[in-house]
Structure formats: structure tokens, C-alpha cells
Amino acid sequence: MSTPAHSGMGANLSYRSEHTLAPGTLVRVPLGQRTVLGIVQDCSDTPPQGLAETQTKSVQSVLLGLPALNAEWLQLVHFAARYYQRSLGEVAMSALPAALKDLDEAQLARRLKKHASQTPAPHEAQPAVQPTLSAEQAQVLNALAQAERPVLLFGATGSGKTEVYLRAAETALQATDAQVLVMVPEINLTPQLEARFRERFEPLLGAGAVVCLHSGMTPAQRLGSWLSAHMGQARIVLGTRMAVFASLPGLRLIVVDEEHDPSYKSQDGARYSARDLAIYRAKQITDTLGLRCPVVLGSATPSIESWHAAEQGRYLRLDMPSRIGGGALPQWRLLDMNHQPKGAVIAPPLLSAMQDRVARGEQCLVLLNRRGYAPVLSCHACDWKSSCPHCSAYRVFHKFDRTLRCHHCGFTERVPRACPDCGNLDIAPVGRGTEQIEEHLNAVFADVRRRDGSPVRVARMDADSTRLKGSLQAQLEAMHSGEVDILVGTQMIAKGHDFRRMGLVASINADSALFASDYKAPERLFALLMQAAGRAGRDAEFAAAQGVACEMWVQTWHPEHAVFQALKAHDYPRFASEQLAERAAAGMPPLGHQALVRADAKTQAAAQAFLNLAAAAAADLPHREDVTLYPAVPLAIQRVANVERAQLLVEAVSRSALQRFLQAWQTTLLHTRSAPEAKGLVRFAVDVDPVSI
Ligand code: ADP
Ligand code: ZN
Ligand code: ZN
């Protein structure tokens, strides 16, 4: 039996074959008018019950030369499909590189031949010099070597977590044919990390031993990485969440760096959590193969779920509280905006602190989580606003190319010269984005000079400034070389970068997250600000020579807020236990379990009707009493690209109860699609363990 691509929720299909085919073998089979890729699930001498042999079509061809996907991989996709409520065919096919589906026999044979000739061989070069481990790093590695549970590495920013990953990988790779999977949230943002792995392992294992897997690669590149992982030539796979599905027959260590990052949760197709699947995968290898496969989740601000698991003893927590070289963590300065001049964009005390830093040859980072020049344009005469005609959202004003752009559907127009409604010429930006802050800082620092007498250089880094290929790299280089003094940007500047001369980081508008309705907003804000702060003072020697403590500034109207107070005290454990207490009281994850059903439709009424009908139709289902179904509600941004969106929340006390109910509900959901009230429904999807609600 094989699972063809694009099969719906349906069962596997049966085909005939003259040969006995092992489960996991890749085949091509006819489906309707097409030929599609399939994976053999199992192979028996007799046709399935109720099916005569003549009713089955023959397997068209077997992908020769390609080893079968192993039992561990098949088990992983089975589990993911079941747990995240998708069809096995869909999950299995999206886990394989798209380019594999398009190769014909001859092309595949050529690729495999090329791969076989490229078995990595160690370089002549000397292996890179390794730093002496800090006491904390050494302790963690010792504990890790014996750990029987998933490890939560709770390490301060700059405590040397990456070095721990490198050493753990080195140990694992001593076994013949062993492979290591290292996952990071966004690999293209942190080219430094890839460089460190290559530098360390290519001299030992050869040039092809480290491969990447992420969505920024071309289909051909992805296929190359996938094949070399599958064939065992790649020993280290460095990738984003999709890498959790890589076929790694020798997998013996999994690292999930910045495990709290929401990007580990997929937001389309099967909405899987790569972190959670990593835990499952490691356990599977141990339980069924009897082999050790430690899994390390690393973070300075662990997710509340992982923290809870460690508190309960399901994970082993290992701490690295100190920075390498004994450097201090940044001091927090909560700048109370109630006491600053009205309308100040960057308040005077922060500006003068930045000037001092620049004058001493240090760099500053200014974080603002909003790109563009202004989030909305408005006419003061008639109250026109730059709404998107296709979405329930405003279009953002981008000054550099004078456009209004919708960040939800992409709809872009040139900025009108006058108000489209009343003709008033005076339409003005409201609010601020990174572009405007960059402009503002350029103006403020126009007369300030660097130590060498040259003008201060302000740069901006966000999704707009890094769109062109290579531009992110160039911008990071300008930062590392010290060419840039002040970098303004969105959260992408807060992530993972090892800037050496960074003395001050400032978040100038964090308050909006304080009062968001999403219960995870405080957790995300804490992580983002801690991460951002962690960019300062990373070079202990440099910081010491400067003689001034590095700083993290936060402009806020609510300096007393618990999130800020916990940050100021560098007290993540306190923050986590407060969050856990609040969630326990409200039955929220990880103390309760949730799933969302999201519906897209031509009208909001149809989207909600579909959800409410499906809920009503669940009344007599088994396990119904174990869950709470809430009424359907519109999403915060209700309409995107002319599609109306609604969702329905399912809550349960236990994970297994939630799973049992969702299994039972699947058919009902499918049937409800054809209800007359749901006419206009475009699609629906179940999101198990959603990261935002
Ligand atoms: P983290 O990932 O915990 O934020 P990194 O792994 O990036 O920290 O380490 C911070 C810096 O310290 C890096 O520049 C790294 O090269 C350096 N480093 C890490 N471990 C050591 C060590 N044992 N000795 C000297 N330098 C180290
Ligand atoms: Zn107007
Ligand atoms: Zn839009």
C-alpha cells in the first residue's frame, strides 16, 4: 500500500507489485491520469479484503538505488499525522523534498551517482582550535552524557550554549555513521551559527558533512541536502523546523536552539511543532531501537511548557547562569515615559546615553517591532485612513518607495497625493515604524561625530531592508566590522547575533504587548526583550575595558508591570512561576490543553456557521464530555485577502482526552462542510496546541 501525494483525509491506496517491497520504499504509482510518488506502507501476498487482484493497478516503478525510509521515520510521520489531525499522505509527502517528486528515473540515478562520488573526506587542514570549556559548560556536558530525559538547557545569553551544542555533537559523532540534527528558528538570520558548525566539523569530517535545510534554499539545494542526510553522507543537518522531518538513519542527537521560538510551530498544512516532534523522535529512537539519542532544548527564556515539564521532572534542567569570560548581563533601565517630554520619540536620557556610547566607540541597537514608516496614513479633514480594501487592516506607509502596503495580503499602491475621499492635501502618517526611527536618528545624530571624527552611521535592518539576496549578509558584516554605530530594526536584530561592541540596546515601544488578549503575549515579550538585551556586553573583555556596564533600556508607560520587573531582576524563574500560576488558575496550557478549528469562508456568517454546526453535531460523540467547545469567534484580523476568518476553541484537561475527542470529531467536521449554512466555506484546519489564540 502506498500513500499518494494529495490524498485527502482518506485511507491508503492499494497497488500491485511483482516484487516484495519493504515498507518505506519509494515508488511511482498511477493515480487517475497522473503518476505520483508514493511510499509503501506495507506489502502482503494477498490483496486487502474486499478487493480483487484485478481491481488494483500496478506500481509503475520503484525508485531504485534509494534506500527505503526507515521504520523510525515512518513512525514519525504516522504520529505527526495522527496528532495534528492530517492525512498520512499529506504529512509524508510534505516531509519529502518537493524536487524528489519531479525527478525521472534517469535524473535520480544521475543524482545518486553524483552523491556516491561525494562521500565527505576529512580536509588536510588542522581542525579548528577549540576554546577551553567553562566550568558550567563542562558540567552541563557531563550531565548531558548521562541524561535519560530530554534536557532543558537554561543558559543566559552569552553563556556559551552554542559551544555546548558543538561539543555534544562531537561526542555523538564519534560513533560510526552517527548523525546530528540541530534546529534553529531562522537560519538565514544567523549565518554565524552555520559558520561555526562548518568551521568545527568540516576539517574533521569533510566538506559535505554539514548540510542545511530551510525554506530559503532552492528545491534542488533542498533535494541535495535531503539525499545526503538520507544516504548518511551528511553527518550534521542544520535547519529550521522542516528539518525535523529529515530522513536521518543514524540520528543520535537532536538540538533545538532557542526552543521557545514560535517559529517552531508550523502555521499552515499540518500545524506541527518541530520542538515537540523532536522530543517524540528522540524518545522513539531510544524506545524502539534501544539507542541513545539525547535531545537538548536550549534557551535563555524557555517556553513556559518546557519550563513546566522540567519542574515536573519530565525534562532535566541544566543551568548556565554565567556569561563566558565573566561578563555582566546588561543592566535594565526602565524609562518612565510619564515623566518625559510629551511626544518624545526617543526620550532625552536615552538619547544622551546613546551619544555617550557612540562617542566611546560602542554600538547601539534600537528595537521597534513595526516595519515601514508609519502603520497608517490618515486625513485629518475627513478621517480617511489607509485601510486595505481586501483586509480588515490598515496599509502601512513605506516612505522610501512612497507606497501603501498591506502586510497581510501584499496589496500595494502608490501613496495618493491627496485624500482619496475629500481631496485634502494634508494626509499625515500616524504612529511610527522602523523607517521613521531611522530617519529620526539620522536627524538627531547629524552633528554628532564618532571618535575618528566621521559622521555617525545609522542603519536599519528589517524584512524590507533585507529582501534582496545577500543584503542581510552585507548588513550583518557592516555591524560586525564596526562600520555601523546604531542599528534600528525589528525583532530580527534581537536574534542570536554575536555583536562584539554592543554597549546599549533599547526597546522604544514595547507596551502594546502588555495588554494583548493572547495569554502568551507576556511570555513572548519577556523572551524578545531578554533576547534583545542579550546582544549587549557579549565581549567581556571589551566591556571591561570600556569601564561602563552595558545596558538595556525600555521606554514604557508602565514601568511597574510584572514583566518588566522580572526582566529587571533577570529573574526568569520568577516570571515563569507567576505565569504558571496564572495559567493554572485559568486552565490554560500547559495546565490545560487546547486545539483551534479555523475556518475561512466568503462570509463571516458561513465561517462561524460551519464551526458552530460542527460543534453542535458533536453532541453525541464519544468523549464529548471531556472537552469544552466554545462558540465560534472572528479572528482578530477578521478578513485577509477578501476571506473571512473565524475560529473555535476546544479545551480539555488532558492531552489524551483532547486527542480522543479530535479523532472522533474528524468525520463530523468533514461532513459539516456540505451543510447549506456553511455554503461559501473555503477551507478549515485543525490547529492542535496553537501558539496564539
Ligand atoms: P549563547 O549561544 O549562549 O548566547 P555563544 O555560544 O554564542 O552564547 O557564546 C558567546 C561567545 O562566547 C561566543 O563568541 C563564543 O565563541 C564564546 N565562547 C563560548 N564558549 C567559550 C569558551 N569556553 N571559551 C571562550 N569563549 C567561548
Ligand atoms: Zn479626507
Ligand atoms: Zn490586505
Side-chain angles (χ1 to χ4, degrees), residues 128-141 153-168 182 184-185 190 192-193 195-197 199-200 255-259 296 298-301 318-327 329-330 376-396 403-413 416-428 480 494-502 530-543 637-643 645:
V129 203
Q130 304 191 341
T132 312
L133 293 174
S134 72
E136 287 175 3
Q137 285 172 327
Q139 260 168 16
V140 160
L141 283 161
L153 176 56
F154 175 44
T157 51
S159 60
K161 292 186 286 296
T162 312
E163 186 62 34
V164 169
Y165 308 150
L166 288 162
R167 297 294 178 100
V182 178
V184 292
T190 48
Q192 245 179 338
L193 185 81
R196 279 172 78 180
F197 271 87
E199 208 174 279
R200 187 68 62 88
V255 172
V256 185
D257 190 23
E258 310 292 1
E259 66 90 24
V296 185
S299 179
T301 52
L318 300 174
D319 294 1
M320 295 205 301
S322 320
R323 287 190 138 180
I324 291 294
L329 284 164
V376 52
L377 274 190
S378 172
C379 166
H380 296 306
C382 79
D383 211 27
W384 171 86
K385 290 196 170 56
S386 56
S387 314
C388 175
H390 310 296
C391 305
S392 42
Y394 293 124
R395 278 175 299 163
V396 174
T403 55
L404 288 178
R405 281 195 232 162
C406 176
H407 288 185
H408 300 280
C409 74
F411 180 65
T412 302
E413 278 180 332
R417 272 188 43 256
C419 171
D421 282 1
C422 75
N424 172 23
L425 287 173
D426 186 24
I427 44 177
H480 291 303
K495 294 202 173 172
H497 311 292
D498 197 17
F499 298 130
R500 308 307 289 174
R501 265 174 282 212
M502 187 66 63
M530 189 64 114
Q531 197 79 46
R535 298 316 103 207
R538 292 176 72 84
D539 189 333
E541 250 173 72
F542 177 78
I637 296 173
Q638 171 173 335
R639 189 170 47 104
V640 167
N642 297 318
V643 172
R645 314 186 305 165

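Note that the coordinates shown come from a computational prediction; the quantities given were computed from them, not determined experimentally. Side chains included, hydrogens not; waters and symmetry mates left out as well; all remaining heavy atoms used. All ligand and atom numbering here is 1-based and tracks the order in the structure.
Ranking protein heavy atoms by distance to atom 21 (C) of ligand 1, first place goes to I324 CD1, 3.6 Å. The single protein non-hydrogen atom nearest to atom 10 (C) of ligand 1 is R538 NH2, 3.8 Å, given as residue, atom name and distance. Considering only non-hydrogen protein atoms, atom 23 (N) of ligand 1 sits nearest to T132 O, 2.6 Å. Looking at atom 20 (N) of ligand 1, its nearest protein heavy atom turns out to be Q137 NE2, 3.0 Å. Protein heavy atom in closest approach to atom 4 (O) of ligand 1: G158 N, 2.8 Å.
In Y394, the OH atom is not crowded: 12 or fewer heavy atoms of neighbouring residues, nucleotides or ligands sit closer than 6.0 Å.
A donor-acceptor pair shorter than 3.5 Å can be found between the side chains of S322 and E136. Looking at R167 and Q137, their side chains never bring a donor and an acceptor atom within 3.5 Å of each other. A donor-acceptor contact closer than 3.5 angstrom links the side chains of T157 and R323. Looking only at atom types and distance, the side chain of Q130 has no donor-acceptor partner in the side chain of E163 under 3.5 Å away.
Annotation for P389 and R639: closest pair O-NH1, 3.1 Å, computed over non-hydrogen atoms.
Screening the protein for N, O or S atoms under 2.8 Å from the Zn ion (ligand 2) yields 4; no waters enter the count. Only protein N, O or S atoms were scored, and 4 of them lie under 2.8 Å from the Zn ion (ligand 3).
Heavy-atom proximity to atom 16 (O) of ligand 1, evaluated over E163, M320, K161, R196, is greatest for R196. Nearest to atom 14 (O) of ligand 1 by heavy-atom distance, out of D498, V164, T162, is D498.
When the ring pair (Phe, Tyr, Trp, His ring centres under 6.0 Å) test is applied to Y165, no partner is found at least two apart in sequence or on another chain. Evaluation of the side-chain contact (heavy atoms from CB on, under 4.5 Å) rule for Q192 yields H480, D498 as partners, not counting sequence neighbours.
For the pair C409 and R395, the minimum side-chain heavy-atom distance is 4.5 Å or more. Looking at I427 and P416, their side chains come closer than 4.5 Å, going by heavy atoms from C-beta outward. You'll find the side chain of I324 reaches within 4.5 Å of the side chain of S134, heavy atoms only. By the 4.5 Å heavy-atom criterion applied to side chains, F411 and R405 are not counted as neighbours.
Under 4.0 Å from ligand 1, not a single heavy atom of A300 appears. Proximity of T157 to ligand 1, defined as any heavy-atom pair under 4.0 Å, is confined to the backbone N, CA, C and O atoms.
In terms of polar-atom proximity, defined here as any N/O pair under 3.5 Å, G160 does make such a contact with ligand 1.
Residue contacts with ligand 1 include S159, since one of its heavy atoms falls under 4.0 Å from the ligand. Using a non-hydrogen distance threshold of 4.0 Å, G496 does not register as a contact of ligand 1. Ligand 1 does not have R323 within reach: every non-hydrogen atom of the residue lies 4.0 Å or more from it.
For the side-chain contact (heavy atoms from CB on, under 4.5 Å) with V184, the qualifying choice from L193, V255, V256 is L193, the only one to do so.
Proximity of a side-chain donor or acceptor of R417 to a complementary backbone N or O of L425 within less than 3.5 Å is not detected.
Look at K495 and E258 and you find no salt bridge, because none of the NZ, NE, NH1 or NH2 atoms lies under 4.0 Å from a carboxylate O.
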